[in-house]
Amino acid sequence: AAVAERLAWTDWDGAGVTDEVLGRLAVPPFTAQIDNAAQRGLLRGEHAGYVDRLDAGGLAAAAEAIASAGGEDAHSLQRIRHASFVLSQGGRVDEAVRQLDLALEEVPQSVTAWTMRGQALGRLGRHDEALESLRRALALNPFSAGSLANLGVGQQRAGRNLEARKTFEQALEMDPFEEMAHFNLAVMLHSGKKVSPGQVGEAVEHYRTAVQIDPTYHEARHNLSRLYYRQAQAAAQAGALERGIELLELTVAADPSYAFPHYNLGVIYFNDLDDREKAAQHFRAFLDGAGTTYPKERAAAERALEEMGR
């Protein structure tokens with residue numbers, strides 16, 4: 001007996017293009033990232049201890065490390081940069097800009113400080129100043145695809161989408177392995193009001209490339225899985241069951257924590273293909289990942305597992 005409607009699709013739940021100093025900020029409906037990898041790599045070279053503390057213990061550990069530095073060393077450019085980062089992460093963006101201005105008085109050739117200043121100003125809506133800072137960073141580092149991509153994010157945030165897309169494309173011409181440019185270009189391709197299947201396919205390729213470059217790139221995996229899910233939905237609506245299954249399998253491969261596609265696969269393997277082993281595998285993955293959400297589907301999955309003796 002059927003346990004649920006065939007392919008009971010849920011609402012979209014992705015996240016969108018924005019930037020954040022040395023990090024990522026989710027804005028519906030997609031997740032975007034600035035030059036996290038390149039910027040983090042630069043800071044690792046200069047201040048590995050503080051960045052490692054951020055990785056291991058988050059903002060509180062980094063803030064404690066800065067506060068405990070003490071003495072004249074606490075006022076050095078290194079501390080200002082890291083204090084600026086922590087402040088901006090905590091939402092005190094005006095103070096972050098002030099600290100970066102102090103840093104630039106000491107070292108006006110700092111690409112890192114100009115970049116972070118541009119990102120912080122963009123978050124404050126001071127877009128002209130933000131773009132000027134990002135251009136200063138690029139002028140100091142003209143062969144950096146990461147600096148170009150950061151400028152693209154600033155342009156996108158300022159509403160200059162055509163400029164931003166060209167800038168991301170230029171960054172990829174300079175360095176095809178600049179994963180952040182792949183990521184944000186993909187977001188732009190599929191985030192418009194009218195998105196063609198071709199644009200979705202192009203966005204998928206950019207996300208796939210970003211994941212190939214950095215398999216730990218969670219945001220790229222997240223968005224890639226949601227686009228595969230969108231394509232699977234279209235295939236199911238067109239009656240292309242085999243293609244729908246293929247795309248659903250790609251969905252959960254990209255993001256195994258994405259619960260509901262596991263439910264859809266369980267339904268297909270149970271109802272249509274009579275593959276009880278795979279049905280049970282996906283129903284269990286759905287139940288493990290769904291928590292208390294989707295009560296109707298949870299009950300159906302539990303009934304199916306009980307019926308299969310699993």
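Below, all heavy atoms of this structure are taken into account, side chains as well, without hydrogens, waters or symmetry copies. Start at 1 with the first residue, then count along the sequence.
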For residues [X] and [Y], report the shortest heavy-atom separation together with the two atoms involved.
X: Ala149; Y: Phe168; result: O-CE2, 3.3 Å
X: Thr115; Y: Ala137; result: OG1-CB, 3.3 Å
X: Ser147; Y: Asn141; result: OG-ND2, 3.7 Å

What is the distance from atom [atom1] of [X] to atom [atom2] of [Y], rounded to the nearest 0.5 Å?
X: Ile245; Y: Leu250; atom1: CD1; atom2: CG; result: 12.0 Å
X: Gln155; Y: Thr167; atom1: CD; atom2: OG1; result: 3.5 Å
X: Gln170; Y: Arg165; atom1: CD; atom2: CZ; result: 13.0 Å

Side-chain donor-acceptor contact under 3.5 Å, [X] with [Y]:
X: Tyr207; Y: His190; result: yes
X: Tyr229; Y: Asn264; result: yes
X: Asn150; Y: Gln119; result: yes

Using the rule that two of Ile, Leu, Val, Met, Phe, Trp, Tyr join whenever any of their side-chain heavy atoms come within less than 4.5 Å, decide whether [X] and [Y] are in one cluster.
X: Ile213; Y: Phe183; answer: no
X: Met180; Y: Phe177; answer: no
X: Met308; Y: Phe286; answer: yes

Just so I know, are the side chains of Glu205 and Glu202 near enough to count as touching, which here means a heavy-atom distance under 4.5 Å? no
Answer yes when Glu246 and Arg243 have at least one side-chain N-carboxylate O distance shorter than 4.0 Å, and no when they do not.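 The answer is yes: the pair qualifies as a salt bridge.
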Any salt bridge between Glu302 and Arg298, counting N to O under 4.0 Å?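 Between Arg298 and Glu302 there is a salt bridge, with a charged N closer than 4.0 Å to a carboxylate O.
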Between Phe260 and Tyr263 (judged by ring centroids, cut-off 6.0 Å), do the two rings come close enough to count as a pair? yes
Got a sec, which residues hit ring pair (Phe, Tyr, Trp, His ring centres under 6.0 Å) with His282, two or more places apart in sequence or on another chain? His262, Tyr269
